[in-house]
Q: 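Here it is, the structure, as structure tokens.
Computed from a predicted model, the values in this text were never measured in an experiment.
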Amino acid sequence: MTAARRRVVFLDRDGVINRPLLQDGKPLAPRRVADFVLLPGAAEAIRQLKDAGFFVAVVTNQPDIGNGLVAASVVAAMHAALRQATGVDEIRVCPHSQTAGCACRKPKPGMLLEAAVAHGIDLSASFMVGDRVSDVLAGSAAGCYTIFLDRGYAETRMHSFDADAILASLPEAVRHILSRSQQND
């Protein structure tokens, strides 16, 4: 596969790869390295994607940095642990608060579009996997196939959106991606 046709699986972080902290049915990012725990099967699922030749990029909103609730160094330590456990190729972070109006915060596709330019990614042959409406909207805006992991969050029921597939876990999403990829090759 040439660099111009590089396929990527973009993964949201909290709720897809690691356990989110839930408060009133809303998922929150962990604020301490000790609370950063991978979900069952996540590391193996990412290895399967890499073994199949996918570039795996994490794209994550981390507004707690911009809101002063967690230090960027703590998030960097979580990401070092994530890289070591999974071998992801890249982690892109939007550190801005919810009101900053930046181009990188999902549901805007900025992080995905920047990755596409930097790595010669074919977005139309790529996937976005997330557990929030903003993940699906960012993936759709970038032209990716979108997979929504339905975790039953209260906020999800308040929004209308279209995902290409709705599944329950990252391992299930990876099986779906690998099956689609074999059909399209």
Q: Pairs in or reaching into residues 70-86: which pass side-chain hydrogen bond (donor to acceptor under 3.5 Å, both in side chains), with residues at least two apart or in two chains?
A: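 Only R13-H79 qualify under side-chain hydrogen bond (donor to acceptor under 3.5 Å, both in side chains).
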
Q: State, with a plain yes or no, whether a side-chain heavy atom of I17 is found less than 4.5 Å away from one of L39.
A: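 When only atoms from C-beta onward are counted, L39 and I17 do not touch, as no gap falls below 4.5 Å.
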
Q: If you look at every heavy atom in P20 and P27, which pair is closest and at what distance?
A: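 Scanning both residues completely, I find the closest heavy atoms to be CB-CB, 3.8 Å.
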
Q: To the closest 0.5 Å, what do you measure between NE2 (H119) and CD (E90)?
A: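 One gets 3.5 Å once the value is rounded to the nearest 0.5 Å.
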
Q: Tell me, please, which residues at least two apart from A52 pass side-chain contact (heavy atoms from CB on, under 4.5 Å).
A: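 Checked A52 against side-chain contact (heavy atoms from CB on, under 4.5 Å); matches are F54, L178.
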
Q: Under 4.5 Å between any side-chain heavy atoms of V56 and V8, yes or no?
A: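 Heavy-atom side-chain distance check fails, nothing below 4.5 Å.
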
Q: One pair to check against side-chain contact (heavy atoms from CB on, under 4.5 Å): V74 and V33. What are the steps and the verdict?
A: CA-CA 7 Å; V74 172; V33 175; 4.1 Å; yes

Q: Looking at side-chain heavy atoms only, is the closest gap between L11 and L170 below 4.5 Å?
A: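 L11 reaches L170 side chain to side chain.
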
Q: Is there a continuous path of hydrophobic side-chain contacts, each under 4.5 Å between heavy atoms, that joins I91 to M111?
A: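 Per the 4.5 Å side-chain linkage, I91 and M111 are not co-clustered.
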
Q: What pairs with E114 under salt bridge (Lys or Arg N to Asp or Glu O under 4.0 Å), at least two apart in sequence or on another chain?
A: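 Partners of E114 under the salt bridge (Lys or Arg N to Asp or Glu O under 4.0 Å) test: R92.
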
Q: Could you walk me through whether K50 and D89 satisfy the side-chain contact (heavy atoms from CB on, under 4.5 Å) test, starting with their C-alpha distance in whole Å, then the side-chain angles of each, then the deciding distance to 0.1 Å, before giving a yes or no?
A: CA-CA 9 Å; K50 295 197 47 70; D89 295 295; 2.7 Å; yes

Q: Excluding sequence neighbours, so at least two apart, what forms side-chain contact (heavy atoms from CB on, under 4.5 Å) with E44?
A: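 If we apply the side-chain contact (heavy atoms from CB on, under 4.5 Å) test to E44, skipping adjacent residues, the hits are R47, Q48.
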
Q: Please identify each residue that fulfils side-chain contact (heavy atoms from CB on, under 4.5 Å) with P171, with sequence neighbours left out.
A: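 For P171 the side-chain contact (heavy atoms from CB on, under 4.5 Å) partners, ignoring immediate neighbours, are A45, S169, R175.
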
Q: Applying ring pair (Phe, Tyr, Trp, His ring centres under 6.0 Å), name anything that partners Y145, two or more places apart in sequence or on another chain.
A: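 Applying ring pair (Phe, Tyr, Trp, His ring centres under 6.0 Å) to Y145 gives F127, H176.
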
Q: Got a second to check how far R132's CZ is from D14's CG, nearest 0.5 Å?
A: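 Those atoms lie 8.5 Å apart.
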
Q: Please name the pair of heavy atoms, one in G130 and one in D135, separated by the smallest distance, quoted to 0.1 Å.
A: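 Heavy-atom minimum between the residues: CA-OD2, 3.3 Å.
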
Q: Just so I know, are the side chains of K108 and C94 near enough to count as touching, which here means a heavy-atom distance under 4.5 Å?
A: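 No, their side chains stay 4.5 Å or more apart.
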
Q: Could you tell me the separation between the CG atom of D164 and the OG1 atom of T146, rounded to the nearest 0.5 Å?
A: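 If we round to the nearest 0.5 Å, D164:CG and T146:OG1 are 4.0 Å apart.
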
Q: Is it true that L149 and I46 fall in one hydrophobic cluster, defined by side-chain heavy atoms closer than 4.5 Å?
A: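 Linked within one cluster.
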
Q: Report yes if some heavy atom in the side chain of C144 is under 4.5 Å from a heavy atom in the side chain of L112; otherwise report no.
A: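 A side-chain contact under 4.5 Å exists here.
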
Q: Could you tell me whether the side chains of Q98 and N61 share a donor-acceptor contact shorter than 3.5 Å?
A: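 Not at all, the side chains of Q98 and N61 share no donor-acceptor pair under 3.5 Å.
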
Q: Can you confirm whether I177 sits close enough to V9 that some side-chain heavy atom of one is under 4.5 Å from a side-chain heavy atom of the other?
A: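 Side-chain contact under 4.5 Å: yes.
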
Q: Please tell me whether M128 and V58 are part of a single hydrophobic cluster in this structure, the criterion being side-chain heavy atoms less than 4.5 Å apart.
A: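 As far as the 4.5 Å side-chain criterion goes, V58 and M128 are not connected within one cluster.
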
Q: Going from CZ on R180 to CD1 on I147, what distance comes out if it is rounded to the nearest 0.5 angstrom?
A: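 Here the rounded value is 8.0 Å.
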
Q: Measuring only between side-chain heavy atoms, which start at C-beta, is N18 closer than 4.5 Å to P30?
A: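 Yes - at least one pair of side-chain heavy atoms lies under 4.5 Å apart.
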
Q: Quick check on the hydrophobic clustering: are V129 and V59 connected, directly or via other members, by side-chain heavy-atom contacts under 4.5 Å?
A: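 They do not share one cluster, since no chain of ILVMFWY contacts under 4.5 Å joins V129 to V59.
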
Q: Kindly indicate, with the supporting measurements, whether the criterion side-chain contact (heavy atoms from CB on, under 4.5 Å) is fulfilled by L69 and R31.
A: CA-CA 8 Å; L69 299 173; R31 294 183 184 159; 3.3 Å; yes

Q: Indicate the atoms forming the closest heavy-atom contact of L167 with A173, along with that distance.
A: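 Where L167 meets A173 most closely, the heavy atoms are CD1-CA, 3.6 Å.
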
Q: Can you measure from CD1 (I166) to CG (D150) and round to the nearest 0.5 angstrom?
A: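 So the CD1 of I166 and the CG of D150 are separated by 6.5 Å.
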
Q: Looking just at side-chain N and O atoms, do H96 and Q62 make a donor-acceptor pair shorter than 3.5 Å?
A: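 No pair is found: no donor N or O on one side chain lies under 3.5 Å from an acceptor on the other.
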
Q: Does atom CG (D24) have a neighbourhood of more than 12 heavy atoms from anything else shown, all under 6.0 Å?
A: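 Not more than 12 within 6.0 Å, no.
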
Q: State plainly whether one hydrophobic cluster holds both F10 and V93, where clusters connect Ile, Leu, Val, Met, Phe, Trp and Tyr through side-chain heavy atoms under 4.5 angstrom apart.
A: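 No, no single cluster joins them.
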
Q: For a side-chain contact (heavy atoms from CB on, under 4.5 Å) check, start with the C-alpha distance between V88 and F55, then their side-chain angles and the critical distance, and finish with the verdict.
A: CA-CA 8 Å; V88 296; F55 184 89; over 6 Å; no

Q: Once you round to the nearest 0.5 Å, how far does CZ of R19 lie from CZ of F36?
A: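 It is 12.0 Å, given to the nearest 0.5 Å.
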
Q: Which heavy atom of G15 sits nearest to which heavy atom of D131, and what is that distance?
A: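 Nearest heavy atoms, G15 then D131: CA-OD2, 3.2 Å.
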
Q: Using the side chain to side chain contact (heavy atoms under 4.5 Å, CB included) definition, which of the options N67, T60, I65 pairs with P95?
A: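 Answer to the side chain to side chain contact (heavy atoms under 4.5 Å, CB included) test with P95 among N67, T60, I65: I65.
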
